[in-house]
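See below for the structure under consideration.
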Amino acid sequence: MPLPKLPAKPADILDMTGMPVPKASKEDTATAAPRGRKRQKQDQPGTVASVDAANATDYARPDVADTASAGIAVPADMTEPAQARGGAKVATIAPQAREQADTKGRRTTTARRADAGSGTAPAGGKSGSTRGAPVRAANTAGSNGLSKLFVLDTNVLLHDPTSIFRFEEHDIFLPMMMLEELDHHKKGMTEVARNARQVSRSLDALVAETEDILKGMPLDALGNKDATGRLLFQTQNMEGRLPVDLPNGKADNMILGVVQTLHREQPQRQIVLVSKDINMRLKARALGLEAEDYLNDHSLEDSDLLYDGAMLLPNNFWAKHGKDVESWIQGGTTYYKIKGPLCADFVVNQFVYLEGDSPLYAQVREVNGKTAVLATLRDYTHKKNNVWGVTARNREQNFALNLLMNPDIDFVSLLGQAGTGKTLLALACGLTQVLETKRYTEIIMTRVTVPVGEDIGFLPGTEEEKMQPWMGALEDNLEFLNTGTKNDGSSGEWDRSASKEVVKSHIKIKSLNFMRGRTFLNKYLIIDEAQNLTPKQMKTLITRAGPGTKIICLGNIAQIDTPYLTEGSSGLTYVVDRFKGWPHSGHITLQKGERSRLADYAGDAL
């Protein structure tokens, strides 16, 4: 398409979108002309740089004026940065423009500048964003230099009540329908209701710190220094006519109408809808609107990058790290102090192993630059080292038993698919340390009550009786531990002093709903099915630990039943990543299933 005929005045050549500017009124001409003359006086007269500077000034002003006239709350400091950004463009374009001597060359350069300046991201495009644009790429400004404007869906705030402070220098826009939905979810004692009330309190505190709500509220007013943008509310009716005939009055469609109106009123700015609702994002993209998922709560982008707690050493390990090795024996454990380039990659309490003619199975105890201290492990695969009659059947189970039986380790996380022995190992170590060594007073076991199928309704009885149907794994493993231990061969009596009733008397089943405010002293706490916990719930549980308490988290991140939780946002993934390297925590991922050959084949084939 050929360019339109260019007027004589440089200030009226092209607007930011590459279209001709409508003829200005007398008032606009009277206000715009002095600015242009003022900038020409500052620059050298007759140069293209002065013409471009005047154009940049005139481009920035009408955009803000149009936005203000539309009734949308706009930050008060938006006008001046626009001029500064316009000046920055002039600085990069002026050297090219000076090469053009005649008027035709000057017009061509100006037109090319206008085309480049109008290169804002298309409504449905992904320019300047990545998979985690609402957070991971939040520090990237739009293609035209303006900060992005993120429109938040209600489910984002209900999922993370602090999400409004997670977008760094960018602005947040909250539709009125979102506030209405927030008010609808604030009643009750659920996690969603608590998050809704927390969001309402945060918004109320921000409003109290702002004099003029129409100009936007600074997000750092409450001490969140990383959030330097502004919070904007919908202050007028913004029912955009969607190109598709969608039902009127539905909350999602009304929010989509607001996003479309913002696109129309602020074409120079990148508007992004942030929602946890997949269908909402699909509808937005189908309508040509940019939409992203909220990923700030993801500990990892890819679950395959999750720390597994073990490292296979290369075959030439001793050739590169065997010089000046120091070794000593302390408390029946052999320690090696080694030096080499691989030591910098070690993590405290990580297991390292080397198989072959000279096998090595050790645990990293200290890391200091290119120096590390390794400690040999106790071999729990041997029957003489059995734990409540249980021996390790593979390498990872041996690593897990070393963590569970170590009194210096306060937090242990075990990951693995079904049948790898997570619950059995944790329970066997707990019984040994409660009934034999008396290191802990009792075992407390809890789990999230998320059903796989349809909910069976209310359950009768006390707290422990209500939790009993959810503790089938506990009953199965107790039965195995009671019958699978060695006997004298004649009477068939269990040769241990503890009977089944005594064992059960030292195991308490607790519900997550009553954990707040409690403190566990000298307890052995097992959190089963921890992959269904949110990071906030996981924090609530772990902070219950008092002196002498050990916490074991068990789970399989491939079996998440809680809505809106993924492998990256699960509380189990969160604690594995955050506790990595702490001297009093350990993690291991169990690899091989040991339940039965049928279960192993089903896990692989199905």
Side-chain angles (χ1 to χ4, degrees), residues 297 299-300 303 306-310 347-351 396-397 399-430 433 440 442-450 467 470-471 473-474 477 507-512 515 518 520 523-546 548-562 565-591:
D297 57 337
S299 302
L300 296 172
S303 60
L306 184 64
Y307 171 67
D308 61 1
V347 178
V348 177
N349 287 332
Q350 183 183 29
F351 294 96
E396 285 76 20
Q397 285 190 357
F399 294 162
L401 288 173
N402 276 273
L403 289 175
L404 294 170
M405 296 298 294
N406 190 345
D408 293 331
I409 302 296
D410 298 331
F411 180 82
V412 178
S413 55
L414 301 181
L415 267 68
Q417 63 181 3
T420 51
K422 304 181 296 296
T423 306
L424 179 65
L425 296 177
L427 196 56
C429 293
Q433 295 176 91
Y440 308 105
E442 65 180 1
I443 299 174
I444 296 178
M445 197 164 184
T446 184
R447 59 162 290 172
V448 184
T449 55
V450 179
M467 290 293 297
W470 301 96
M471 290 299 170
L474 172 63
N477 286 282
I507 301 177
K508 297 292 187 297
I509 301 173
K510 299 296 181 183
S511 173
L512 288 175
M515 288 294 185
R518 297 200 59 181
F520 298 124
K523 299 294 192 296
Y524 188 89
L525 177 60
I526 301 176
I527 305 174
D528 201 10
E529 303 294 336
Q531 76 275 3
N532 288 319
L533 289 170
T534 65
K536 188 174 182 180
Q537 290 173 328
M538 187 67 76
K539 179 181 178 181
T540 301
L541 283 177
I542 297 177
T543 52
R544 302 305 99 206
T549 294
K550 187 167 192 166
I551 296 181
I552 297 91
C553 289
L554 315 174
N556 178 15
I557 58 175
Q559 295 180 345
I560 297 179
D561 303 315
T562 304
L565 271 189
T566 62
E567 295 179 357
S569 61
S570 170
L572 184 56
T573 306
Y574 179 75
V575 295
V576 170
D577 185 64
R578 293 302 178 93
F579 275 89
K580 180 176 63 176
W582 187 48
H584 301 287
S585 69
H587 168 75
I588 193 67
T589 300
L590 303 177
Q591 305 289 348

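Sequential numbering from 1 along the given sequence is applied to the chain's residues. The shown structure was predicted, so the numbers you read here are calculated from the model rather than taken from an experiment.
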Heavy-atom donor-acceptor pair, R544 side chain to R518 backbone, under 3.5 Å: yes

Validation row: L414, L404 side chains within 4.5 angstrom (heavy atoms): yes

Side-chain heavy-atom pair L533, L572 within 4.5 angstrom cut-off: no

Criterion side chain to side chain contact (heavy atoms under 4.5 Å, CB included) against I557, the qualifying member of L415, T589, N532: L415

Between CG on residue D308 and CG on residue L590, distance to nearest 0.5 Å: 11.0 Å

Check: T420 main-chain N/O paired with Q397 side-chain donor or acceptor under 3.5 Å: yes

Closest contact, heavy atoms only, N349 versus S585: ND2-O, 2.8 Å

Sub-4.5 Å side-chain heavy-atom contact between Q531 and E529: yes

Rounded distance (nearest 0.5 Å) linking atom CG of L525 with atom CD of E442: 10.5 Å

Within-4.5 Å side-chain heavy-atom neighbours: T549 and D410: no

Nearest-0.5 Å distance, CD1 of residue I551 to CZ of residue F579: 7.5 Å

Ring geometry between H587 and Y307 (parallel below 30°, tilted from 30 to 60°, perpendicular above 60°): tilted

Heavy-atom closest contact (E567 atom, A558 atom, distance): OE2-CA, 4.1 Å

Exercise: identify the closest heavy-atom pair between D528 and M445: OD2-CE, 4.0 Å

Donor-acceptor contact present, side-chain T540 to main-chain K536, <3.5 Å: yes

Main-chain N/O of I444 paired with K510 side-chain donor or acceptor, under 3.5 Å: no

Spacing of I409 atom CD1 and H584 atom NE2 [to the nearest 0.5 Å]: 8.0 Å

Distance-minimising heavy-atom pair for P535 and S569: CD-O, 3.5 Å

Check: F351 and L403 side chains under 4.5 Å, non-hydrogen atoms: yes

K523 side chain to G546 backbone, donor-acceptor under 3.5 Å: no

Pairwise side-chain contact, I560 with T566, heavy-atom cut-off 4.5 Å (strictly under): no

Donor-acceptor contact below 3.5 Å, side chain Y524 vs main chain I507: no

Heavy-atom closest pair, residues S570 and A530: OG-O, 4.2 Å

Reported CZ-to-CD distance for the pair F399 and Q591, which is rounded to 0.5 angstrom: 11.0 Å

Reported CD1-to-NZ distance for the pair I526 and K550, which is rounded to 0.5 angstrom: 11.0 Å

Close side-chain approach of C553 and M538, heavy atoms under 4.5 Å: yes

For V576 against S413, the heavy-atom pair lying closest together: CG2-OG, 3.7 Å

